[in-house]
*Asks:* 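Before anything else, here's the structure in question.
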Amino acid sequence: GAVMKHVRETKKYLESLGLICDVEKTSNHIKYHVRKGLHKKMFVRPASPSDFRSMLNFQSDVRKWLKQCEGQNGSA
């Protein structure tokens, strides 16, 4: 349904950035365990795809994290 489409679109976005992603579903949220090299981070999104700002905020958070990873020059 709509939630699975929401998960697929999010995972596709992460993979387009070269990130490895594992998905964990809870009753109200979806957790994305993301890796890039030695860097790891968990991002959480609501399971409901009704909030259109959710994806924009998520993309912003991912971009900020990637900048932090680049600034750390490969250290975890």
Side-chain angles (χ1 to χ4, degrees):
V3 172
M4 289 310 297
K5 181 180 178 194
H6 174 71
V7 170
R8 281 192 307 272
E9 289 173 353
T10 303
K11 195 166 180 181
K12 184 177 178 180
Y13 170 74
L14 292 168
E15 290 171 348
S16 76
L17 297 173
L19 302 173
I20 298 169
C21 175
D22 294 314
V23 178
E24 177 186 349
K25 291 176 239 163
T26 67
S27 58
N28 297 318
H29 294 88
I30 302 167
K31 298 178 182 178
Y32 296 90
H33 300 273
V34 179
R35 296 186 309 277
K36 181 162 180 105
L38 299 174
H39 302 280
K40 295 179 184 178
K41 175 108 172 143
M42 181 183 68
F43 296 95
V44 179
R45 290 191 65 197
S48 169
S50 62
D51 182 359
F52 72 93
R53 291 178 308 269
S54 171
M55 185 61 163
L56 298 176
N57 293 334
F58 177 80
Q59 290 173 340
S60 174
D61 290 344
V62 170
R63 286 191 305 269
K64 288 176 192 172
W65 176 68
L66 285 172
K67 278 190 172 184
Q68 289 175 349
C69 292
E70 291 170 7
Q72 293 175 3
N73 294 326
S75 63

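Everything quoted here is computed from the prediction, not taken from an experiment.
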*Asks:* Is there a side-chain contact between E24 and H29, using heavy atoms and a 4.5 Å cut-off?
*Replies:* no
*Asks:* Show your reasoning for whether side chain to side chain contact (heavy atoms under 4.5 Å, CB included) applies to Y32 and V7.
*Replies:* CA-CA 9 Å; Y32 296 90; V7 170; 3.8 Å; yes
*Asks:* Are V62 and I20 connected into the same hydrophobic cluster when the rule is that any two of I, L, V, M, F, W, Y join if their side-chain heavy atoms are below 4.5 Å apart?
*Replies:* no
*Asks:* Against the six-membered ring of F43, is K41 placed for a cation-pi contact (under 6.0 Å from the centre, within 45° of the normal)?
*Replies:* yes
*Asks:* Using a 4.5 Å cut-off on heavy atoms from C-beta on, say whether the side chain of K31 contacts that of V23.
*Replies:* no
*Asks:* Begin from the C-alpha positions of K40 and H33 and carry the test side chain to side chain contact (heavy atoms under 4.5 Å, CB included) through to its verdict.
*Replies:* CA-CA 7 Å; K40 295 179 184 178; H33 300 273; over 6 Å; no
*Asks:* Using modelled atom types and a 3.5 Å cut-off, is there a donor and acceptor pairing between side-chain atoms of H6 and backbone atoms of P46?
*Replies:* yes
*Asks:* Show the numbers, then the answer: is there a side chain to side chain contact (heavy atoms under 4.5 Å, CB included) between M42 and V44?
*Replies:* CA-CA 7 Å; M42 181 183 68; V44 179; 4.0 Å; yes
*Asks:* Does the side chain of L14 reach to within under 4.5 Å of the side chain of V34, using non-hydrogen atoms?
*Replies:* yes
*Asks:* Roughly how far, to the nearest 0.5 Å, is CE of M4 from NZ of K11?
*Replies:* 9.0 Å
*Asks:* Which atom names give the shortest non-hydrogen contact between H39 and Q72, and what distance separates them?
*Replies:* CE1-OE1, 3.2 Å
*Asks:* Which atom pair, heavy atoms only, marks the closest approach of L66 to K36?
*Replies:* CD2-CD, 3.6 Å
*Asks:* Given side chains that start at C-beta, do those of L19 and W65 come closer than 4.5 Å, heavy atoms only?
*Replies:* yes
*Asks:* Quick one: does Y13's side chain get under 4.5 Å of Q59's, heavy atoms only?
*Replies:* yes
